[in-house]
Amino acid sequence: MDFDLENPLGNFHDLPCDAVPSLFLIESDHIPPPNYCQSLKASDFDISVRRDVVSLISQLSCTFDPVLPYLAINYLDRFLANQGILQPKPWANKLLAVSCFSLAAKMLKTEYSATDVQVLMNHGDGGAIFETQTIQRMEGIVLGALQWRMRSITPFSFIPFFVNLFRLKDPALRQVLKDRASEIILKSQREIKVLEFKPSTVAASALLYASHELFPFQYPCFLRAISDCSYINKETVVQCYNVIQDIAREEYESVLNINSTSDTPVNVLDEHFLSLESEKTNGTNVVVTQEQDFKRRKTTDYGNNRRVPFSHFHQC
Amino acid sequence: MWNEESDWIGSFDSQLARLAECRMCSRDRGERPDATGMDLEVLEVAEEGSYGRVFRCLDIHTGALVTMKQITMVRLSQGVPAPIIREVSLLKELHHANIVKLLRVGLTENRYVNLVFEHLDYDLHHFIVNRGYPKDALTVKSFMYQILSAVAYCHSLKVLHRDLKPSNVLIDHSKRLIKLADFRLAGEFADDLLYTEKLGTSWYRAPEILCDSRQYSTQIDLWSVGCIFAEMVIGQPLVQAINCRDELEGIFKLLGTPTEETWPGITKLMPNLHIYYPKFDALGLETFVTDLEPSGLNLLSMMLCLDPSRRISAEAALKHAYFIDVNYVSLLLL
């Protein structure tokens, strides 16, 4: 076994078996407290501030590994849960975004250009240029609020563990599943509703949703593997799955808006929604008939085709 | 403390103002740091290290003795240094009865990261030198079991200690409780680890590190534990050389100069091995460690195995026959 000594967010499957419980047991220490989600919902202003800072972090991170913005947004949420949002100052949002991004980059040993950060942050207004000492001071404040616990456990930490449960033989298929699940996890972080769930639950739900899209015929086996995992609460996974499903549906709607000139028949999209709705009615343990299987495969292809322009648009 | 700021934006404004004031008055700083920002009273300077200083302090609120490690931040142009953030972050995740507890972390004067640890009476180095090494077999066994428990825990979390030696093994004397301290978790300090020539620093270093190998893993800690084990039994370090080359020669004299049979891959790692080192036959551990029971000697030989891939793991060591006759309940009560 070759330990990855340099990566504090190393892949979970590298850990010996007896470390499995410890990761599940301590993951709750690395997310905002339960009342954070409720206090955000109670204030439109707080939600808009979070959205603004999340957007800034996404701009800073658009060329990096998706774990980086996810980690930075995790720091943001934990910081806001601890410190609150008290004053509307645009420069404070930018400073907070830069600091969370910088701290995440340091944890992941990612090099970035401070000049590029400056240019990006000053785009759109004559806003303040942050001196390095200012950023350091803000970093210190964030570190203190998070009690220097920067090694956050994210849903990405659990993906290899769950994928191993699925027993997919083909490495290429495993990678496709992981990539799609990672994409879903990253998008879902923008939604406040997902903050209520633990990282392992988010990972399990995202993988189930991705497997349903990509491998519908094998989906029941994957669902059973997740259900049999003693570290997972099945009811919570169902709730989280539904939240993720709603987010993914919004994704399709966004894709449709972007490609309004597309000549794709509208009824294909209707078929997809109909299929999802039907499944929702029957619960997640739907029995796949031959006719439904044919229909679902077609809509999955549609979804795959539409992901590329969406990602491209978003990252620009 | 940062956590106590009720309005972080307002405090930021006032801190910027204070920063301007500090630049104008440019006050001198004495040798003894002002630790009031950490709610501590500094009692004495305990140690000067390459990365900072260590102080014995009194917690103003609890009256407890604590140890504060003050790390000077360098490369300030990039904010709080990444190696420090990563190292402290990992320390924060270590929760074990045999690992010294990091109580809190704070920044002072915009130049220092202060790590506040619980304080323990002695370290094993002083215990061996000043009080006579733990002569009774039960104490040695108890200490070894606790050290290995902590090391096994760290390795299960993919954390290496990297600098295990008696002075980093702290002792709560009244409870005969062991706590490991002074972790160097992050790879950023690997260069310092490899090339430090300070006296005594090479005595506990694994042969694969002394060979300048950068391909090392958890086994380096097991070698160090083996050296500590031997030192507790014989009352002095096993091989006391002044530099890496001589340390390696001392190891080869004791265990035999390695060959491809005893250490597969050694000729690739050290192509000039037989030019620089004579071909020693093994003298054997039993000639040096004479008062250790046979099962203890067997465990020691599995820790001080030249080939890292065949060296025993901490987890396996805890299950070794050497520990079978120990009442585990009494170990926990010790």
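Within every chain, numbering begins at 1; the chains are lettered A, B, ... in the order of the sequence lines, protein sequences first and strands thereafter.
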Salt bridge B:R104-B:D59, side-chain N to carboxylate O under 4.0 Å: yes
Can you find a heavy atom in the side chain of A:T134 that is under 4.5 Å from one in the side chain of A:M138? no
What parts of residues 194-202 of chain A touch chain B if we use heavy atoms and a cut-off under 4.5 Å? none
Within 6.0 angstrom of B:K101 NZ, more than 12 heavy atoms from elsewhere: no
Please check if any side-chain donor atom of B:R53 sits under 3.5 Å from a side-chain acceptor atom of B:Y112, or the reverse. no
Could you label the plane-to-plane angle of the B:F323 and B:Y145 rings as parallel, tilted or perpendicular, counting under 30° as parallel and over 60° as perpendicular? perpendicular
Taking A:S55 for the side chain and A:R51 for the main chain, is one N or O donor matched with an acceptor at less than 3.5 Å? no
